[in-house]
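Computed from a predicted model, the values in this text were never measured in an experiment. Each chain gets a letter, A, B and so on, in the order its sequence line appears, and its residues count up from 1.
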Protein chains: 2
Amino acid sequence: MVDIATRVHNHKWKIDPIVRSLIDTDFYKLLMCQSIFRNRPDTVVKFSLINRSTSFRLADMIDEGELRQQLDAVRALRLTRGESTWLRGNTFYGKRQMFRSDFMEWFEGLQLPPYHLEKKDGQYELTFEGTWPEVMLWEIPALAILVELRSRAVLERMGRFEIQVLYARAMAKLWEKIERLKKIEGLKIADFGTRRRHSFLWQDWCVQAMQEGLGASFLGTSNCLIAMRREVEAIGTNAHELPMVTAALADTDAELAEAPYRVMADWHEEHEGNLRIMLPDTFGSAGFLDRAPDWLTGWTGIRIDSGDPAEGAERAIRWWQDRGEDPREKLVIFSDGLDVDKIEELAARFRGRVKASFGWGTMLTNDFRDLVPDGALDPFSLVCKAVSADGRPTVKLSDNPNKALGPAEEVARYKRVFGVGQQTAQDVIV
Amino acid sequence: MVDIATRVHNHKWKIDPIVRSLIDTDFYKLLMCQSIFRNRPDTVVKFSLINRSTSFRLADMIDEGELRQQLDAVRALRLTRGESTWLRGNTFYGKRQMFRSDFMEWFEGLQLPPYHLEKKDGQYELTFEGTWPEVMLWEIPALAILVELRSRAVLERMGRFEIQVLYARAMAKLWEKIERLKKIEGLKIADFGTRRRHSFLWQDWCVQAMQEGLGASFLGTSNCLIAMRREVEAIGTNAHELPMVTAALADTDAELAEAPYRVMADWHEEHEGNLRIMLPDTFGSAGFLDRAPDWLTGWTGIRIDSGDPAEGAERAIRWWQDRGEDPREKLVIFSDGLDVDKIEELAARFRGRVKASFGWGTMLTNDFRDLVPDGALDPFSLVCKAVSADGRPTVKLSDNPNKALGPAEEVARYKRVFGVGQQTAQDVIV
C-alpha cells in the first residue's frame with residue numbers, strides 16, 4: 001500500500017535539504033559556542049571555506065544555484081522544541097544541564113547570519129561574518145553541504161541499481177573495517193565524521209553499524225542530531241578556533257603567548273572530568289606543553305590532531321611523567337587522519353600505557369575510495385576556519401606545516417613567540 | 001509518517017509465506033502442465049524431494065512445523081484474477097493465447113494436492129502424489145520453500161546490520177558478475193534460478209539488477225510471477241519429466257526406445273519457433289541424437305543440461321552438419337551449473353558457430369558463498385523429481401552418472417535400451 005500522504009509531502013520539497021536541523025552539527029561546536037557566548041559574545045569573526053585539495057575544482061562540480069539553495073535552507077532553520085528539550089534535559093558526559101538557560105534561550109532564537117559566496121578560479125569563496133557565537137555555527141553545515149553536493153553530483157549520473165550497488169559496496173567495506181576493529185581489545189572509538197561525511201543518511205547508517213558491530217567499544221558520535229535520534233552519547237570537547245581567535249585579539253607578544261592558556265583557564269572553570277581535554281597543537285604542541293601552567297597537568301587528557309600521532313602521544317606521556325602524573329590515568333584522543341591500520345597500530349602501541357581513544361572521521365563516514373571509477377567520490381580536504389577576529393588575521397601553526405593557516409608575516413611572528421622550530425611535514429589526505 | 005494500515009496488515013500474517021502465488025514457478029512447468037493436461041491428464045505421478053548434498057542434514061536445520069506451515073500456505077493458494085488475466089492475455093515467445101481456455105479454466109480451479117512429510121536420518125522425506133498435471137506443480141514451490149527456510153534459519157541468528165551487510169555484499173558480488181557479463185559481445189542470458197534461489201525477494205532483486213545492468217542482453221526470467229511484475233519475458237521450454245514419465249509408462253523395450261520421441265512429437269504439434277528446443281540428455285544425448293527422426297533436425301535448438309557443456313554443444317553442431325543443417329541458425333541453450341567463468345568460456349568458444357544462450361540458475365540467485373562463516377549459506381543440490389508413474393519407477397540417465405536417478409535394475413535396462421556406454425562423471429555442485 002502506498003502511503004499517499006508521505007509521497008505528496010515528499011514531493012512538496014523544492015529541494016532535498018542536506019542539513020535539516022541546527023543540531024546536525026558537532027557537539028563540541030555547541031560546547032564552545034556556550035563558552036564563547038559567555039566569554040566573548042561580541043567578537044566579530046569571519047569564517048572562510050578553504051579547500052586544501054586545490055586540484056579539486058569544486059565550482060566546476062557543484063552548481064552555484066544549488067549551493068545557494070542549500071545554504072539558504074540552513075538560514076531558515078530554527079532550533080525545534082524537541083531539540084531544545086533534548087539539549088536541556090539530556091545527560092552529556094555524565095552531567096545534566098550542561099547547557100545553561102541563558103544560552104538555551106539565545107540558541108532558541110538563533111538564525112544563522114548571512115553568507116557571502118563567489119566563484120573564483122574554479123573554487124568557491126564562501127565566507128561568513130558575524131558575532132562569534134553565531135557565525136561559528138556555520139562551520140559544520142557549510143562543510144557538510146559542500147561535500148554532500150559533490151556526492152550528489154556524482155550520484156546524479158548513475159543508474160538506480162548502480163547506486164544501490166555503490167551503497168552495498170560501501171556497507172560491505174565499512175563492515176569489514178568494523179570486523180577488524182572488533183578484534184582490538186579494549187577499543188574506545190567515536191564517530192567524528194560529520195563535517196566530511198558522504199551524506200547525512202550515510203553517516204546515520206555508519207553510526208548504527210558501529211553501534212551494532214562494536215557494542216560498548218563505540219562511545220558515540222560527535223553529531224548531536226544523530227546522537228539524539230539513535231540515543232547514543234554526543235562526543236566532543238573543544239577545537240582550534242578558541243585559541244586562534246583569542247590569540248588574534250592579543251595586543252602584545254606577551255598577551256599572545258598567554259592566549260592559549262587563557263582559553264584553557266576559561267574551560268577549566270566551565271568543565272570537569274572527561275571534558276578537560278587539551279588540544280595543544282594550535283601553535284605547536286612541544287612549546288605549549290613546555291610552558292603549560294601546573295594546573296593543566298591535572299587535566300584528564302589530550303587530543304592529538306596533527307603531526308605524527310605516536311610521537312604526539314609519546315611527548316604527552318613524557319610530559320605527564322616529568323610532572324609526576326601517571327599517564328595510565330590519562331586519556332589520549334587521536335583524531336587526525338585515522339583509518340583502521342593506524343587505529344590498530346596506535347592501540348597496540350599505547351595499550352596499558354595510557355587510556356587511548358579514537359575520534360574516527362572521514363575514513364568512517366566518507367570512504368568511497370575505489371567504489372566508483374576515477375576516484376569520483378574520493379574524500380577531499382575541505383575546512384572552514386576562523387580567518388579573522390575583530391579585523392585581525394588568525395593564525396594556526398599546527399604540528400604539521402601543511403596544516404598551517406594565516407598570513408606569512410603573522411605565521412613568522414607566531415613561530416617566534418611560541419618558539420616553534422623545524423617541523424616535519426605530513427601529507428594531508430582528509 | 002507510518003502507514004498504519006500496512007503495518008497492521010503485515011502483522012496479521014501468522015507466517016511470512018515464502019511462495020505467495022501459484023505462478024511463482026518456472027514458466028516451463030506451465031507449458032508442460034498444459035501439454036500433460038491435454039495428453040496424459042490421468043496419469044498418477046509421484047514426485048519426491050531428493051537432497052543430492054547428503055552431508056547436508058536439512059532436517060536438523062529446518063523446523064518441521066515451519067516447513068508444514070509453508071507447504072500448507074501453498075495449498076491455500078489459488079490462481080488470482082490478475083494472474084489469470086496475464087496468462088491469458090500476455091504474449092509468450094511472440095505468441096498470444098499460449099494457454100488454451102480449457103487449460104486456464106482448470107488452472108483457475110486448481111488446488112495443489114496433499115503432501116506427505118517425514119523425517120528420516122536428518123533428512124526430510126517429502127513426496128507428492130496425484131494426477132500428473134496437478135502434482136507436477138509442486139516441484140518448484142517445494143524446492144523454493146526448503147532452500148529459503150534454510151536461508152532464514154541462518155539469518156535468524158544474525159544482527160540487523162549484519163544482515164544488511166550480508167545483502168550489501170551479495171549485491172556487490174552479483175554486480176561484479178554483471179559487469180563481467182556486460183563485456184561479452186552479443187550475450188543472451190536468462191534467469192533460471194527460481195528453484196534454488198536464496199529467497200523470493202533476492203531473486204526479484206537479481207532480475208531487476210540484470211535488467212538494468214545488461215539491457216537487451218537479458219532475455220527474461222523463468223519465474224512467471226517476476227516476469228509479470230517486472231514486465232520481462234517469461235522464459236522456458238520443457239524438462240526431463242516429460243520423457244521420464246512417458247518412458248516409465250512404456251510396456252515394452254521398443255515402446256521405451258520410442259518414448260522420448262513421442263514426447264517431442266506432441267511438443268512439435270503444440271509449439272513452434274523458439275519453443276522447439278530439444279532436451280536430449282534424459283537417457284543419454286549421443287544415442288538420442290543418433291536415433292532421432294528427421295523432423296527433429298528442423299527444430300530450433302537444443303538445451304545442454306548435463307555432461308561437459310562444450311562437448312554437448314560440439315556434438316549438436318556435428319549432428320546438425322551431418323544432417324545438412326546450418327548450426328549458425330540453431331540455438332544452443334546452456335543451463336547446467338553456470339557461473340561467469342563458464343559463460344565467458346562457452347560464449348567465446350561458440351561465437352559465430354551457433355546462437356548460444358544461457359539459462360543462469362543457482363549462481364545467479366543463490367551465490368552467498370564466502371559471505372558468512374563456515375559456508376552456512378552455500379547453495380546445495382536439492383531436486384524434486386517424478387519418481388514413479390502409475391506405480392512404475394521412473395529413470396533418468398543424464399550425461400552425468402552423478403545425476404542419474406531410478407532403481408539400479410531399471411537404470412541398467414534403460415542403459416541397454418538407449419545404448420548408453422561409458423559416461424564421464426562430473427561434480428554436481430548445485
Exercise. Going by the side chain to side chain donor-acceptor pair (under 3.5 Å) test, which pairs reach into residues 153-166 of chain A, not counting sequence neighbours?
Worked result: A:Gln164-B:Trp205

Exercise. Which heavy-atom pair separates A:Ala168 from B:Ala172 by the least distance, and what is that distance?
Worked result: CB-N, 4.2 Å

Exercise. Any chance CG of B:Asp370 has more than 12 other-residue heavy atoms, nucleotides or ligands included, within less than 6.0 Å?
Worked result: no

Problem set entry | Between B:Gly159, B:Ala170, B:Gly213, the one whose heavy-atom pairs under 4.5 Å with chain A are most numerous | B:Gly159

For this session: Let me know if A:Gln208 has heavy atoms under 4.5 Å from chain B in its side chain, its backbone, both or neither.
Result: both

Problem set entry | Listed partners of A:Asp63 passing salt bridge (Lys or Arg N to Asp or Glu O under 4.0 Å), at least two apart | none

Exercise. Out of B:Glu176, B:Met171, B:Lys173, which one pairs with A:Arg169 under the side-chain contact (heavy atoms from CB on, under 4.5 Å) rule?
Worked result: B:Glu176

For this session: With side-chain contact (heavy atoms from CB on, under 4.5 Å) as the test, would you mind laying out the steps for B:Phe161 and A:Gln211 before giving the verdict?
Result: CA-CA 9 Å; B:Phe161 277 73; A:Gln211 260 185 290; over 6 Å; no

